[in-house]
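Notes for the one structure printed next.
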Amino acid sequence: MRLILLGPPGAGKGTQSQRLIAKYGVVQLSTGDMLRSAVAAGTPVGVRAKAIIDRGELMPDDIMIELIADRLSDADTASGFVLDGFPRTVGQAEALDELLDGKHLALDAVIEITVDDAVLEGRIATRAQESGGARGDDTLETLKRRLAVYHAQTEPVAAYYRSREMLKTVDGMGTMDQVGEAIDTLLSARTEA
Ligand code: AP5
Ligand code: MG
């Protein structure tokens with residue numbers, strides 16, 4: 001199973017990825033987690049990423065495409081993967097198509113999780129509180145920028161897959177279990193088709 005989870009900050013991409021890992025034995029490829037590890041390790045990419053993440057902006061496409069290309073060459077991705085947070089621009093989506101074509105692989109589904117901006121603010125505020133501000137970008141100010149960047153640069157990615165008839169949308173406003181069940185239903189409908 002090879003999937004993309006698309007959705008704004010706080011939509012539940014990471015939460016639902018964890019569920020999919022357990023259910024389908026796929027690996028989670030979260031570019032946000034990769035960058036946070038790079039920041040913690042103080043690598044050149046991490047040093048560059050810190051300020052960009054804290055501002056809620058996007059890292060340059062070429063760096064992100066290289067990160068994902070490297071990761072997709074690891075053996076553990078052979079049994080399938082869920083991309084969480086990538087692609088985030090149409091340029092990244094085009095590069096992913098090329099990468100997968102080169103490996104003679106196809107995506108099984110692109111799932112967009114939709115949640116109203118006001119609900120996202122509540123979720124991120126709760127996470128910031130519960131984690132003691134573990135993520136530097138979980139402030140109201142940076143969230144506003146992350147949301148604006150999502151609407152401007154990542155919603156066109158949804159349109160990109162919609163025009164290729166690959167996009168499925170799930171309502172992300174329910175409980176975590178309800179959203180998980182909606183994803184399961186969508187994936188089982190696909191396997192039975
Ligand atoms: P990234 O780490 O991808 O963050 P994000 O997209 O802002 O999303 P989050 O991780 O905040 O939310 P999520 O959708 O995973 O939701 P979660 O499950 O945690 O990216 C961070 C930064 O890295 C970017 O801003 C950018 O700078 C950079 N970056 C990353 N990828 C890049 C790329 N490809 N190109 C360029 N730059 C890139 O849930 C959120 C909270 O809500 C949790 O507390 C959870 O418990 C709760 N929750 C989840 N589901 C529900 C539910 N159904 N009901 C109630 N609560 C829920
Ligand atoms: Mg996440």
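Counting starts at 1 for both ligands and their atoms, in listed order.
Ranked by closest heavy atom to atom 46 (O) of ligand 1, the top entry among Glu130, Gln129, Lys50, Met176 is Met176. Distances from atom 5 (P) of ligand 1 to the heavy atoms of Glu57, Met59, Arg88 show the closest one on Arg88.
Close approach of ligand 1 to Thr175 (heavy-atom distance below 4.0 Å) involves ligand atoms 53 (N). Counting the atoms of ligand 1 from 1 in the order shown, those under 4.0 Å from a heavy atom of Gly14 are 13 (P), 15 (O), 18 (O). Within ligand 1, the atoms closer than 4.0 Å to a non-hydrogen atom of Gln92 are 33 (C), 34 (N), 35 (N), 36 (C), numbered from 1 in the order shown. Distances below 4.0 Å separate heavy atoms of Pro8 from the following atoms of ligand 1: 14 (O). Close approach to Arg36 involves these atoms of ligand 1, each under 4.0 Å from a residue heavy atom: 2 (O), 21 (C).
Counting heavy atoms closer than 4.0 Å to ligand 1, residue Gln178 contributes nothing at all. At a 4.0 Å heavy-atom cut-off, ligand 1 touches Arg146 through the side chain alone. At a 4.0 Å heavy-atom cut-off, ligand 1 touches Ile53 through backbone and side chain alike.
In this structure, Leu186 is not a member of the same hydrophobic cluster as Leu167, with clusters built from ILVMFWY side-chain heavy atoms closer than 4.5 Å. Taking hydrophobic clusters as Ile, Leu, Val, Met, Phe, Trp and Tyr residues chained together by side-chain heavy-atom distances below 4.5 Å, Leu99 shares a cluster with Tyr161.
A salt bridge links Arg146 with Asp138; the closest basic N to acidic carboxylate O contact falls under 4.0 Å. Residues Arg71 and Asp76 are paired through a salt bridge, judged by an N-O separation under 4.0 Å between the basic side chain and the carboxylate. Under a 4.0 Å N-O distance rule, the pair Arg145/Asp137 does not qualify as a salt bridge.
Considering backbone and side-chain atoms together, Ile52 places no N or O closer than 3.5 Å to any N or O of ligand 1. Considering both main-chain and side-chain atoms, Ser30 never comes within under 3.5 Å of ligand 1 through any nitrogen or oxygen pair. By the 3.5 Å distance cut-off applied to N or O atoms, Arg127 is counted among the residues near ligand 1. Checked by distance only, ligand 1 and Gly12 come closer than 3.5 Å through their nitrogen or oxygen atoms. Between Asp33 and ligand 1, not a single N/O pair is under 3.5 Å apart.
A cation-pi contact links Arg164 to Tyr160, judged by a cut-off of 6.0 Å to the six-membered ring centre and 45° from its axis.
Heavy atoms of Arg135 approach ligand 1 to within less than 4.0 angstrom. Proximity of Gly10 to ligand 1 is established by a heavy-atom distance of less than 4.0 Å. Ala49 does not count as a contact of ligand 1, since none of its heavy atoms falls under 4.0 Å from the ligand.
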Go through the steps for Leu20 and Met1 under the test side-chain contact (heavy atoms from CB on, under 4.5 Å), then give the verdict.
CA-CA 10 Å; Leu20 291 163; Met1 180 90 72; over 6 Å; no
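The two residues Gly174 and Val179 have their closest heavy-atom pair at O-CG2, 3.9 Å.
Checking Thr169 against Glu112 by side-chain atom types alone, a donor-acceptor pair falls below 3.5 Å.
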